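What follows is a set of notes on a single structure, which appears directly below.
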Amino acid sequence: QVQLVESGGGVVQAGGSLRLSCAASGLTFSTLPMGWFRQAPGKEREFVAAITWGGVSTFYGDSVKGRFTISREKGKNTVYLQMNSLELEDTAVYYCAATPRNYALRSANNYDYWGQGTQVTVSS
């Protein structure tokens with residue numbers, strides 16, 4: 001059974017940092033591209049970041065570029081999202097996702113597997 005489990009969410013003050021983790025099981029996730037998306041209340045799901053299967057390439061949404069970093073631990077089925085300089089607008093439920101396709105990584109429709117999400121709240 002495929003499972004993605006996010007952790008690391010919480011409440012943080014604006015300007016602070018958080019690191020999200022996504023632990024995967026059920027497939028050889030070390031070879032699958034993975035991504036992070038987020039959804040705020042009343043808004044559509046938004047692409048945050050993605051990393052190719054070998055970790056060679058990373059991609060970021062415009063609103064987080066320069067502040068967030070996606071990485072994966074070699075040999076482990078874990079992907080991280082380091083979030084720095086957090087802003088009020090970063091408040092959302094963050095989801096990790098995996099796809100067997102090494103393209104269109106900015107599109108949520110391209111991902112077959114999703115975690116349950118973890119809440120990130122940035123306070124002023």
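Please read all numbers here as calculations on a predicted model, not as lab measurements.
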Residues that Asn109 engages under side chain to side chain donor-acceptor pair (under 3.5 Å), provided they are two or more places apart: none
Under the side chain to side chain donor-acceptor pair (under 3.5 Å) rule, collect the residues that match up with Glu89, sequence neighbours excluded. none
If you measure from [atom1] on [X] to [atom2] on [Y], what distance do you get to the nearest 0.5 Å?
X	Y	atom1	atom2	value
Glu6	Leu81	CD	CG	11.0 Å
Thr121	Asp90	OG1	CG	11.0 Å
Glu46	Gln39	CD	CD	10.0 Å

Salt bridge (charged side-chain N to carboxylate O under 4.0 Å, His left out) involving Lys43 - partner list, sequence neighbours excluded: none
Under the disulfide bond (SG atoms under 2.5 Å apart) rule, what pairs show up with a residue in residues 32-72, not counting sequence neighbours? none
Which residue pairs pass the disulfide bond (SG atoms under 2.5 Å apart) test with at least one member in residues 91-124, sequence neighbours excluded? Cys22-Cys96
Cluster link Val120 to Leu88, ILVMFWY, side chain under 4.5 Å: yes
Within one Ile-Leu-Val-Met-Phe-Trp-Tyr cluster: Met34 and Tyr113, side-chain cutoff 4.5 Å: yes
Contacts satisfying salt bridge (charged side-chain N to carboxylate O under 4.0 Å, His left out) that involve residues 104-122 (not counting sequence neighbours) are Arg101-Asp112
Give me each pair satisfying salt bridge (charged side-chain N to carboxylate O under 4.0 Å, His left out) with a member in residues 51-60, each pair once, sequence neighbours excluded. none
Are any non-hydrogen side-chain atoms of Leu105 and Thr52 less than 4.5 angstrom apart? yes
Please name all residues satisfying side-chain contact (heavy atoms from CB on, under 4.5 Å) with Thr58, sequence neighbours left out, ordered by chain then number. Ile51, Tyr60, Ile70
Partner set under side-chain contact (heavy atoms from CB on, under 4.5 Å) for Val93, not counting sequence neighbours: Tyr95, Gln119
Is the side chain of [X] donor-acceptor paired with the backbone N or O of [Y] at a distance under 3.5 Å, no angle test?
X	Y	value
Asn102	Pro33	no
Thr91	Val122	yes
Thr99	Asn110	yes

Would you please test Arg38 and Val64 for side chain to side chain contact (heavy atoms under 4.5 Å, CB included) and show each step? CA-CA 11 Å; Arg38 67 186 183 186; Val64 306; 3.9 Å; yes
Kindly give the heavy-atom pair with the smallest separation between Pro100 and Leu32, and that separation in Å. CA-CD2, 3.7 Å
All heavy atoms of Ala92 vs all of Ala40, minimum pair found to be CB-N, 3.8 Å
With sequence neighbours excluded, residues passing ring-ring contact (aromatic ring centres under 6.0 Å, His included) with Phe37: Phe47, Tyr111, Trp114
Tell me, please, which residues at least two apart from Tyr80 pass ring-ring contact (aromatic ring centres under 6.0 Å, His included). none
Please set out all donor-acceptor pairs under 3.5 angstrom arising from side-chain atoms of residues 13-20, sequence neighbours excluded.
from, atom 1, to, atom 2, distance (Å)
Ser17, OG, Asn84, OD1, 2.9

